[in-house]
Amino acid sequence: MINIPKGTKDMLPNEAFKWHYVQNKISNIARRFCINEIRTPVFEHTELFLRGVGETTDIVSKEMYTFLDKGERSITLKPEGTAGVARAFVESSLYANPQPTKMYYFTPVFRYEKPQNGRLREHHQFGIEFFGSPEPMADVEVIMVAKTIFNELGITDLTLNINSIGCPKCRAVYNQVLKQFFAKNIDKMCQTCKERLDKNPLRILDCKEERCTEINKDAPVVLDYLCDDCKNHHNQVMALLDSLNIAYNVNPKIVRGLDYYTKTVFEFVSNKIGAQGTVCGGGRYDGLVEQVGGKPTPAVGFGMGIERLLLTLENLGLPVGVEDCPDVYVAPICEQGKQMCLKLVMNLRNSGFSVETDLLSRSLKAQMKFANKLNAKFVVILGEEELQNNNVTVKNMATGETSLVALENLVLNLGR
RNA sequence: GUGGGUAUAGCUCAGUUGGCUAGAGCGCUAGGUUGUGGCCCUAGAGGUCAAGGGUUCAAUUCCCUUUACUCACCCCA
């Protein structure tokens, strides 16, 4: 027995409708925001993620699915969605189109992590990326897309956390200040934080160890060290959110795990789906396009975990769509009926009905049970008696009524 | 990478203080007379009791190891 790789999940036929439900809702919203779909490969050159996401991040340093292909190229399965889109933006000269460029995608992403509730090695993300606008309005429109998705799915209790982590200029200053602050207290902090002090002091703020959070309380806040431009940007983002009556927490502790973020970072968090509560995370990444070889281009976007979104819906008891059931089940129970069955079924299908029929030569009783389990709306019985007069029996499964219908009137009859 | 929990039928779970053919409910298949679903009844199929080793006259039950799953840390969607 060969089983499914660790941390992956089959999407089985009986739950496919849930994915269609959220994908339809989401792509409809994307359409109304005038965002076009982009599809990029599931794998890219490893170099793209090294440069784009950052070599010191956990994602790149220990979680990537990387291998050499037969041409000895180092290839990596997407660990996130943004870098590939940025690569395509540059490679296909999308900057030459009228700006901004607004794109969305659904994609599987792969990270070699230890699976747990809400965390898989392959999961799926819906993401959007807006290229070309440095304006706070773009940040807010991006947040609005996520907000609209949650609203229209009925999810109202997510917390929106926002922060600004500044630009490379002010972050360098802040990093220095942070280092000085933590250097004083480092003896009292956990081992990981000791290591973070040199590599990436920003991460210390995110530590959940009690002794560290205690010290973190008094740590200098990034917002106090933003340059005028970043400060101004952040204030405008908040003002716009206020004007739209969108509730948010300014949380100076949130630090996203990808190096490319600048200025605005945000996340929508649920407390209903276990410890892995971030359903949507994103922000501005003004430096990424340049990192992957393009001209400096401001950009902002987010990624949303579809599995976590579904978990949230289910744990809140919200609708997740309904399974499709057949309009008609056709039950042939005599030789003549069997012979004409597929032809009739095809006629009905060509008329737009979803139609199931018997592929197992079962008894009428068994077929009725089957039709009932499928939740078919009508059963059409092809039996000897009625076929002699070019009729069929039509049974309405909800009411139990049966009626004799002329073959040539069948489509009409089922239509009403 | 670090910790905790679990492992008996397709699913949810009983059970044996070690002892003949290992159970239930649900699901699946077929029936309950001649061509009609849902409720009810009957029967059937389906298990190397996660795998390997040990103790024992005897192990699914006790012990050890491994694997898988799961939750949490870390990190993230």
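Residue numbers start from 1 in every chain, and the chains themselves are labelled A, B, ... in the order their sequence lines are given, proteins ahead of strands.
Of the C1' atoms belonging to B:U21 and B:C63, the separation is 29 Å, rounded to the nearest Å. B:A7 and B:U65: their C1' atoms are spaced 16 Å apart (whole Å). Across B:C40 and B:G4, the matching C1' atoms stand 47 Å from one another, rounded to whole Å. Spacing between B:G23 and B:C64 at atom C1', rounded to whole Å, works out to 29 Å. The separation of B:C39 from B:C26, taken at their C1' atoms, amounts to 16 Å, rounded to a whole angstrom. Comparing B:C71 with B:A30, their P atoms sit 37 Å apart, to the nearest whole Å. The separation of B:U12 from B:G31, taken at their C1' atoms, amounts to 27 Å, rounded to a whole angstrom. B:C57 sits 49 Å from B:G32 when the C1' atoms are compared, rounded to a whole Å.
Between A:Gln276 and A:Glu384, the residue whose closest nucleotide on RNA chain B is further toward the 5' end is A:Glu384. Between A:Phe268 and A:Gly383, the residue whose closest nucleotide on RNA chain B is further toward the 5' end is A:Gly383.
Of the possible polar contacts, none joining the A:Asn389 side chain to the A:Asn391 backbone as a donor-acceptor pair under 3.5 Å is found.
For B:U42, the paired nucleotide is B:A30, the pair qualifying as Watson-Crick or G-U wobble because both relevant distances are below 3.5 Å. Nucleotide B:U12: paired with B:A24 (Watson-Crick or G-U wobble, both distances less than 3.5 Å). When both distances must be under 3.5 Å, the Watson-Crick or G-U wobble mate of B:G1 is B:C73. Using the Watson-Crick or G-U wobble rule with both distances under 3.5 Å, B:C62 pairs with B:G54. Pairing for B:U6 is with B:A68, a Watson-Crick or G-U wobble pair whose two hydrogen-bonding atom distances lie under 3.5 Å.
If you check distances only, the side chain of A:Lys365 never reaches the base of B:G37 with a donor-acceptor pair under 3.5 Å. On a pure distance criterion of 3.5 Å, no polar donor-acceptor pair joins the side chain of A:Lys369 and the base of B:U36. For B:C74, the base has a donor-acceptor partner in the side chain of A:Arg119 [N/O atoms by modelled type, under 3.5 angstrom]. Put simply, the side chain of A:Glu386 and the base of B:G35 share a donor and an acceptor less than 3.5 Å apart.
Of the listed nucleotides (B:U70, B:A77, B:G35), B:G35 has the atom at the smallest distance from the side chain of A:Glu385. Closest contact between the side chain of A:Leu364 and the listed nucleotides B:G37, B:A77, B:U36 involves B:U36.
Between the side chains of A:Gln367 and A:Tyr329, at least one donor-acceptor pair of N or O atoms lies under 3.5 Å. For the residue pair A:Thr82 / A:Glu129, a side-chain donor-acceptor distance below 3.5 Å is found, with atom types taken as modelled.
Base contact: A:Ile381 has a heavy atom under 4.0 Å from a base atom. Counting any heavy atom pair closer than 4.0 Å across all strands shown, A:Arg121 reaches no nucleic acid atom. A:Ala371 comes within 4.0 angstrom of nothing in the nucleic acid, heavy atoms only. Across all strands, A:Gly127 comes closer than 4.0 Å to no nucleic acid atom at all (heavy-atom distances).
The distance between atom CZ of A:Phe378 and atom C1' of B:G38, rounded to the nearest whole Å, is 17 Å. Between A:Leu120 atom CG and B:A77 atom P there is a gap of 14 Å when expressed in whole angstrom units. Between A:Phe266 atom CZ and B:A77 atom C1' the separation is 12 Å, expressed in whole Å. Atom CD in A:Gln388 sits roughly 13 Å away from atom C1' in B:G35 (whole-Å rounding). Computed from coordinates, the A:Lys114 NZ to B:A68 C1' distance equals 12 Å when rounded to whole Å. A:Tyr112 has its OH atom 20 Å from the P atom of B:A77, to the nearest Å. The distance from atom NZ of A:Lys395 to atom P of B:G38 is 10 Å, rounded to the nearest whole Å. Rounded to whole Å, atom P of B:G38 lies 9 Å from atom CE of A:Met368.
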task: Show the numbers, then the answer: is there a side-chain contact (heavy atoms from CB on, under 4.5 Å) between A:Lys338 and A:Ser361?
output: CA-CA 9 Å; A:Lys338 280 181 191 169; A:Ser361 282; 4.0 Å; yes
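Checked against A:Glu307 for a side-chain hydrogen bond (donor to acceptor under 3.5 Å, both in side chains), the options A:Lys9, A:Gln276, A:His124, A:Gln125 give a single hit: A:His124.
Between A:Lys373 and B:G37 there is no side-chain polar atom (N or O) within less than 4.0 angstrom of OP1 or OP2. OP1 or OP2 of B:A72 has at least one side-chain nitrogen or oxygen of A:Gln116 nearer than 4.0 Å. Here A:Asn372 does not reach the OP1 or OP2 of B:G38: none of its side-chain N or O atoms lies under 4.0 Å away.
Taking the six-membered ring for Trp, A:Tyr65 and A:Tyr112 have ring centres closer than 6.0 Å.
At least one cation-pi condition fails for A:Arg284 and A:Tyr261: the charged atom is not both under 6.0 angstrom from the six-membered ring centre and inside a 45 degree cone around its axis.
Using cut-offs of 30° and 60° on the angle between ring planes, the pair A:Phe89 and A:Tyr95 is perpendicular.
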